[in-house]
Amino acid sequence: DLDAAKQQLEEFIPHVRNISDNSVRKMAGRDLARFKEFKKQGIAVKFGRFSKKENEQIRKNVEDFLSATGIDSAEKLLFTYRYPEDKGTIHRLKAKHLFCEKLSEGIPRPWRLIYYRARKMFDPNNYKGRYTDEEKEKLKKYHALHGNDWKKISEMMSRSNLSVAMKYSEIKSAVNYGPWSKEETRKLMNAVEEVIRKRLGTEEEDSHSLSEKSSEDLLVDREKLSEKLPWTEIEAKVGTRYWRQCKQKWNTVLINRLTKGQQLFRGTKGLQTKINLIKRLYEMDVEDPNDLNWEEFNNIIGDVPKAYVQGKLYKLKVSVPFWQKKTFS
DNA sequence: CGAACATCCCTGGAGTGAAG
DNA sequence: CTTCACTCCAGGGATGTTCG
């Protein structure tokens with residue numbers, strides 16, 4: 001019946017064949033019935049970032065559950081282990097009032113993702129802004145003491161465990177900051193070329209020495225230049241920078257190459273570009289910024305990387321007064 | 001004021017372990 | 001074995017800051 005489950009799920013989760021048997025079993029038990037119910041109502045299973053509407057729905061579901069059970073805070077509900085004295089009671093209430101079902105009500109996504117999202121939203125240790133230098137030192141010290149026990153460290157730092165784990169991976173080894181040297185940039189470009197070659201399965205690396213690699217014998221689709229690159233591998237090859245720095249630098253290199261001399265965002269041409277962006281946005285008629293389909297912005301500015309369009313659109317967005325208080329539509 | 005750089009948050013995949 | 005609760009990782013995207 002694992003195969004039967006896969007077959008039924010495939011309709012809702014097209015990539016289900018790539019998911020491990022364990023996860024499929026879980027989804028079959030927990031989500032299949034929900035997905036079918038949504039389908040009856042003509043609602044498709046959703047992926048990608050949660051929209052404002054969905055976040056509101058989660059808030060409502062949590063509030064409803066709290067008032068139904070009398071549990072007095074979302075933190076107690078979602079981080080039960082922080083309240084050892086109430087643990088037994090809360091677990092019983094969760095089971096009795098069908099926590100899983102209620103939490104995911106009205107949201108056409110796999111249960112696990114809704115649960116995970118809710119925990120982030122209601123974790124008082126989350127969304128705490130930038131780390132101070134003292135915090136970074138503390139984090140290093142705690143990691144030296146407790147290793148990868150992120151749960152423990154997160155309690156000690158009053159930051160979410162995801163946040164501390166991520167921050168640590170960023171600061172664990174000393175990296176350079178500030179402008180990239182010519183040498184670093186060259187290393188980065190070599191690294192990217194290497195991984196793309198490897199991916200394409202070209203055996204040329206054996207026959208060509210590094211120095212005689214020329215760019216004209218490698219033609220790849222534009223998307224392959226910036227998407228799904230193995231950044232941790234590239235980080236290792238560059239050696240002096242963190243992978244996110246590498247990703248960003250690569251994007252600026254790519255943008256400069258692809259827009260060379262076009263002055264896309266200056267002068268009257270710049271104004272026209274902005275107008276085009278706004279027009280396209282208007283035509284797309286999306287309710288939520290998280291529902292934007294970046295592919296549809298292709299060729300609005302010119303033949304530029306996705307990251308360029310994303311950056312420009314962001315700048316436009318924040319140039320609207322009080323943009324944070326306004327709805328997208 | 002835009003480009004470059006820094007650093008935050010999010011997604012979706014996989015995995016674990018306890019309890020029944 | 002199933003269900004519930006929790007965790008980690010790799011990569012993508014958003015937002016803040018600095019500088020020429």
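Below, chain A is the first sequence line, B the second, and so on; all start at residue 1. Computed from heavy atoms alone, side chains included, the values below leave out hydrogens, waters and symmetry copies.
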Closest listed nucleotide, where the reference is the side chain of A:Arg117 and the choices are B:dC10, C:dT7, C:dG13: B:dC10

Inter-residue atom distance A:Met156.CE - A:Leu139.CG, 0.5 Å rounding: 11.0 Å

Donor-acceptor pair between A:Asn61 and A:Gln57 side chains, under 3.5 angstrom: yes

Residue-phosphate contact under 4.0 Å: A:Arg119 side-chain N/O, C:dA5 OP1/OP2: no

Distance test, side-chain N/O of A:Thr232 to OP1/OP2 of C:dC9, below 4.0 Å: no

Whole-Å distance separating the CH2 atom of A:Trp243 from the P atom of C:dC9: 13 Å

Touch class at under 4.0 angstrom, heavy-atom based, for A:Trp111 against every strand present: nothing

Nucleotide B:dA4, atom C1' - distance to OH of A:Tyr242 in whole Å: 19 Å

Whole-Å distance separating the OH atom of A:Tyr308 from the C1' atom of B:dA3: 9 Å

Sugar-phosphate only, base, or nothing, as touched by A:Arg159 at under 4.0 Å among non-hydrogen atoms: nothing

Shared hydrophobic cluster, A:Met121 / A:Ile71 (ILVMFWY, side-chain heavy atoms < 4.5 Å): yes

Per A:Tyr314 side chain, nearest of listed nucleotides C:dG16, C:dC6, B:dC8: C:dG16

Residue A:Lys315, side-chain heavy atoms: nucleotide from C:dT17, C:dA5, C:dG12 that is nearest: C:dT17

Touch class at under 4.0 angstrom, heavy-atom based, for A:Pro230 against every strand present: sugar-phosphate

Sugar-phosphate, base or nothing in reach of A:Gly311, heavy atoms under 4.0 Å: nothing

Touch class at under 4.0 angstrom, heavy-atom based, for A:Trp180 against every strand present: sugar-phosphate

Shortest side-chain distance from A:Trp294, nucleotide among C:dA14, B:dC5, C:dG11: C:dA14

Note, A:Ile58 side chain near A:Glu54 side chain (heavy atom, < 4.5 Å): no

Pairwise 5' ranking along DNA chain B for A:Leu113 and A:Asn176, keeping only the more 5' one: A:Asn176

N/O (side chain, A:Tyr115) to phosphate O (OP1/OP2, C:dC6) under 4.0 Å: yes

Side-chain heavy atoms of A:Leu292 within contact of A:Phe297, under 4.5 Å: yes

Closest nucleotide among B:dC10, C:dA14, B:dT7 to the A:Gln310 side chain: C:dA14

Side-chain N or O of A:Lys312 closer than 4.0 Å to phosphate OP1/OP2 of B:dG2: no

Phosphate OP1/OP2 of B:dC5 contacted by A:Lys249 side-chain N/O (<4.0 Å): yes

Separation of C:dC6 C1' from A:Leu78 CG (nearest whole Å): 12 Å

A:Tyr308 reachable from A:Trp294 in the ILVMFWY side-chain graph, under 4.5 Å edges: yes

A:Asn256 vs B:dA4: side-chain N/O to OP1/OP2 distance below 4.0 Å: yes

Protein-nucleotide distance (A:Asn251, atom CG; C:dA14, atom P), rounded to Å: 12 Å

N/O (side chain, A:Gln245) to phosphate O (OP1/OP2, B:dA6) under 4.0 Å: yes

side-chain N/O A:Lys317 vs C:dA14 OP1/OP2, d < 4.0 Å: no

Rounded distance (Å) that lies between atom P of C:dC9 and atom CE of A:Met166: 12 Å

Gap between atoms CD and C1', on A:Glu233 and C:dA10 respectively (whole Å): 12 Å

Distance test, side-chain N/O of A:Lys274 to OP1/OP2 of B:dG2, below 4.0 Å: yes

Ring geometry between A:Tyr115 and A:Trp111 (parallel below 30°, tilted from 30 to 60°, perpendicular above 60°): parallel

Closest to the A:Glu170 side chain, choosing from B:dT7, C:dG11, B:dA3: B:dT7

Closest to the A:Tyr116 side chain, choosing from C:dT15, C:dC6, C:dC9: C:dC9

Atom pair distance, as rounded to whole Å: CH2 in A:Trp250 and P in C:dG12: 14 Å

Nucleotide of B:dG12, B:dC9, B:dA6 approaching A:Tyr177 most closely (side-chain heavy atoms): B:dA6

Contact under 4.0 Å: A:Lys167 side-chain N or O vs B:dC8 OP1/OP2: yes

Nucleotide nearest A:Lys247 (side chain, heavy atoms from C-beta), chosen from B:dC8, C:dG12, C:dA5: C:dG12

